[in-house]
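Only a predicted model underlies this, so the values are computations on that prediction, with no experimental measurement involved. Numbering of ligands and ligand atoms starts at 1, following listing order.
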Amino acid sequence: MITQLDVPLVAAPMAGGPTTPAMVIAAGWAGGLGFLAAGYQTVETMAAAIAEVRASGIPFGVNVFAPTPVPITAERYAQYAALMQREADRFEITLPTVPVDGDDDFDVKLGALLADPVPAVSFTFGLPSAAVITRLRRAGTFVAQTVTSAAEARAAADAGVDCVVAQAYTAGGHSGTFTPDRMPEPLPITDLVTVVSAEVKLPVIAAGGLSTESEVAAALAAGAAAAQLGTALLLAEEAGTSAIHQAALRDPARTETVLTHAFTGRPARALRNRFTDEYTSAAPLGYPALHFLTSPLRKAAAAAGDPELAHLWAGTGHRNIRRGGVGQIFGELSP
Ligand SMILES: Cc1cc2nc3c(=O)[nH]c(=O)nc-3n(C[C@H](O)[C@H](O)[C@H](O)COP(=O)(O)O)c2cc1C
């Protein structure tokens with residue numbers, strides 16, 4: 001599937017708003033492939049998005065968070081929650097005082113994707129069991145796995161996936177690493193594609209920091225079958241990126257991104273702001289506990305138009321991104 005695209009570009013799944021059915025449809029019309037982002041969604045919302053894209057008749061994928069909980073002690077949680085509550089007091093909201101757990105309805109979403117199969121599924125955050133991957137493939141679904149190292153690619157290949165998405169540390173949003181407490185060596189995307197391709201005989205989709213035609217060309221030259229674009233599409237006409245996020249991406253004063261687990265308890269790359277400055281070193285790991293802890297605070301800050309407490313996910317290529325339709329952006333970045 002991924003080796004037969006007219007345009008070797010993939011619209012990255014971007015949960016939390018940016019990915020829309022319109023973005024996925026536009027990616028397909030442009031000759032590439034788009035992934036819906038089922039993360040944080042209910043199974044009903046996921047199914048409605050699938051129906052909308054399916055009606056367009058183009059191939060597409062659905063991305064699912066594979067549960068890889070990152071534990072946190074009650075004591076560490078309480079310490080961080082107290083810091084967060086001080087920020088939340090300004091908005092007169094109360095944050096969860098005990099860790100909230102959850103698996104993003106993995107089994108329910110998987111059940112829906114098996115009952116009503118889609119052309120492709122990709123996973124991030126963790127590797128599902130070989131049994132899950134086999135069931136999806138038997139249902140006719142092409143299975144892609146996000147990996148951040150050669151070792152993770154080997155594990156994914158052994159579990160039977162069709163393809164790996166090699167995600168470099170430069171990527172916007174969450175890292176898909178299987179070991180959030182031990183981030184893999186930060187390799188440039190071309191080096192990551194090289195080591196992953198040497199490790200597994202599967203098509204590789206390159207992801208992370210790709211925002212110019214020459215960067216995409218270099219990833220393909222290193223052996224990638226396609227390049228997956230996230231940040232480059234955040235200002236696309238079809239994107240559902242929040243107003244506060246869009247404004248921050250267009251703000252010339254925001255020149256830096258940082259890798260931080262302060263928002264969700266898993267490492268993710270975001271535009272630097274007051275929150276990342278003040279809390280990156282204080283924050284413990286703990287997912288999804290920290291996600292649920294800070295979520296009401298981030299929503300309240302966004303509603304108040306305050307970008308300094310919001311998670312402004314962005315990859316290292318954020319200064320190059322432009323407005324325009326997905327088709328136009330694909331045209332500009334396709335070598
Ligand atoms: C706002 C945002 C949300 C993201 N959400 C997801 C997601 O739901 N699932 C996923 O597999 N990757 C997600 N990612 C990571 C992308 O799939 C991809 O790896 C990354 O965007 C590539 O790096 P780039 O942003 O520099 O292009 C997200 C990235 C961003 C910027």
Side-chain angles (χ1 to χ4, degrees), residues 9-20 23-24 27 32-41 45-46 49 61-66 68 104 106 109 120-128 143-148 152 156 163-178 188-189 192-193 204-212 215-216 219 224 226-236 239-242 244-246 248-249 257 259-260 263-264 266-271 287-288 291 298 302 310-321 326 329-330 333:
L9 293 177
V10 173
M14 293 187 283
T19 289
T20 60
M23 175 182 281
V24 174
L33 179 69
F35 278 84
L36 288 167
Y40 312 129
Q41 290 185 339
T45 311
M46 178 186 91
V62 177
N63 175 258
V64 179
F65 293 168
T68 310
D104 205 47
F106 181 75
K109 287 174 184 169
V121 164
S122 72
F123 293 106
T124 190
F125 290 180
L127 177 63
V143 179
Q145 175 66 44
T146 307
V147 299
T148 61
E152 290 177 1
C163 157
V164 290
V165 180
Q167 186 200 42
Y169 73 104
T170 46
H174 282 109
S175 164
T177 180
F178 304 172
I189 185 65
L192 183 65
V193 168
V204 177
I205 301 175
L210 303 173
S211 64
T212 64
E215 286 163 354
V216 169
Q228 177 161 301
L229 309 177
T231 301
L233 300 180
L234 282 174
L235 297 180
T241 312
S242 69
I244 201 170
H245 196 176
Q246 290 202 31
L249 287 162
T257 63
L259 205 53
T260 182
F263 290 112
T264 65
R266 273 192 73 98
R269 187 170 292 279
L271 293 175
Y287 184 88
H291 163 74
R298 292 181 274 136
H311 59 287
L312 306 168
W313 299 149
T316 55
H318 67 103
R319 293 306 323 154
N320 296 324
I321 74 173
V326 169
I329 296 169
F330 271 18
L333 295 191

Chemist: Which ligand 1 atoms does Ala171 reach within 4.0 Å, using its non-hydrogen atoms?
Modeler: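 In order of numbering, the contacting atoms are 20 (C), 22 (C), 23 (O), 26 (O).
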
Chemist: Can you tell me which portion of Gln167 lies within the under-4.0 Å heavy-atom range of ligand 1? Options are side chain, backbone, both, or neither.
Modeler: side chain

Chemist: Any chance the rings of Trp313 and His245 have centres within less than 6.0 Å?
Modeler: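 No; His245 has its ring centre 6.0 Å or more from that of Trp313.
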
Chemist: Measure across Leu33 and Gly61 and return the closest heavy-atom pair with its distance rounded to 0.1 Å.
Modeler: CD1-N, 4.4 Å

Chemist: Going by heavy atoms, is Gly176 under 4.0 Å from ligand 1?
Modeler: no

Chemist: Does an N or O from Trp313, backbone or side chain, lie closer than 3.5 Å to an N or O of ligand 1?
Modeler: no

Chemist: Can you check side chain to side chain contact (heavy atoms under 4.5 Å, CB included) on Ser211 and Thr231, steps first, answer last?
Modeler: CA-CA 8 Å; Ser211 64; Thr231 301; over 6 Å; no

Chemist: For Ala310 and Phe263, work out which heavy atoms get closest and say how close.
Modeler: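 Ala310 and Phe263 have their closest heavy atoms at O-CZ, 3.3 Å.
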
Chemist: When you compare the side chain of Met46 with that of Val62, does any pair of heavy atoms fall below 4.5 Å?
Modeler: yes

Chemist: Closest heavy-atom contact between Arg269 and Ala171?
Modeler: CB-O, 3.1 Å

Chemist: Within 45° of the six-membered ring axis of Phe125 and under 6.0 Å from that ring's centre, is NZ or CZ of Arg266 located there?
Modeler: yes

Chemist: With a 4.0 Å cut-off on heavy atoms, is Phe35 touching ligand 1?
Modeler: no

Chemist: Which protein heavy atom lies closest to atom 22 (C) of ligand 1, and at what distance to 0.1 Å?
Modeler: Gly208 N, 3.5 Å

Chemist: With the threshold set at under 4.0 angstrom, would you say Gly209 reaches ligand 1 through any of its heavy atoms?
Modeler: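 The answer is yes, since Gly209 has a heavy atom less than 4.0 Å from ligand 1.
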
Chemist: What atoms of ligand 1 come closer than 4.0 angstrom to any heavy atom of Met14?
Modeler: 2 (C), 3 (C), 4 (C), 5 (N), 6 (C), 28 (C), 29 (C), 30 (C), 31 (C)

Chemist: With atoms numbered from 1 as shown, which atoms in ligand 1 lie under 4.0 angstrom from a non-hydrogen atom of Ala207?
Modeler: 19 (O)

Chemist: Pro13: heavy atom below 4.0 Å from ligand 1, yes or no?
Modeler: yes

Chemist: Atom CG of Leu234 and atom CG of Leu229: how far apart are they, to the nearest 0.5 Å?
Modeler: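 If we round to the nearest 0.5 Å, Leu234:CG and Leu229:CG are 10.5 Å apart.
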
Chemist: Any idea which protein heavy atom is nearest atom 20 (C) of ligand 1, and the distance to it?
Modeler: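 Of every protein heavy atom, Gly172 O, 3.7 Å lies nearest to atom 20 (C) of ligand 1.
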
Chemist: Identify the protein heavy atom lying closest to atom 17 (O) of ligand 1, giving its residue, its atom name and the separation to 0.1 Å.
Modeler: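 Here the nearest protein heavy atom works out to Gln228 NE2, 3.1 Å.
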
Chemist: Considering non-hydrogen atoms of the protein only, which is the closest contact for atom 25 (O) of ligand 1, and what is the distance?
Modeler: Thr231 OG1, 2.5 Å

Chemist: Could you identify the single nearest non-hydrogen protein atom to atom 11 (O) of ligand 1 and state the distance to 0.1 Å?
Modeler: Asn63 ND2, 3.2 Å

Chemist: Test side chain to side chain contact (heavy atoms under 4.5 Å, CB included) on Thr124 and Asn63 and set out the steps.
Modeler: CA-CA 7 Å; Thr124 190; Asn63 175 258; 4.0 Å; yes

Chemist: Could you tell me whether some N/O pair between Ala15 and ligand 1 is separated by less than 3.5 angstrom?
Modeler: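 Such a contact does occur with ligand 1.
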
Chemist: Looking only at side chains, do His318 and Thr257 share a donor and an acceptor under 3.5 Å apart?
Modeler: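 Absent: no donor and acceptor within the cut-off.
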
Chemist: Would you sort out whether Val24 and Thr19 count as a side chain to side chain contact (heavy atoms under 4.5 Å, CB included), showing the intermediate values?
Modeler: CA-CA 7 Å; Val24 174; Thr19 289; 4.0 Å; yes

Chemist: Distance under 4.0 Å to a non-hydrogen atom of Gly230: what atoms of ligand 1 satisfy this?
Modeler: 21 (O), 25 (O), 27 (O)

Chemist: Specify the protein heavy atom at minimum distance from atom 16 (C) of ligand 1: its residue, its atom name, and the distance to 0.1 Å.
Modeler: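 Minimum-distance protein heavy atom for atom 16 (C) of ligand 1 reads Ala12 CB, 3.7 Å.
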
Chemist: Where does the angle between the aromatic ring planes of His291 and Tyr40 fall among parallel (under 30°), tilted (30 to 60°) and perpendicular (over 60°)?
Modeler: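 Judged by the thresholds at 30° and 60°, the geometry between His291 and Tyr40 is parallel.
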
Chemist: Just which atoms of ligand 1 are under 4.0 Å from any heavy atom in Gly315?
Modeler: 26 (O)

Chemist: Between ligand 1 and His174, is the shortest N or O to N or O distance under 3.5 Å?
Modeler: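 Among all N and O atoms of His174, none is under 3.5 Å from an N or O of ligand 1.
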
Chemist: Please identify which atoms of ligand 1 are closer than 4.0 Å to at least one heavy atom of Thr124.
Modeler: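 In order of number, 9 (N), 10 (C), 11 (O).
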
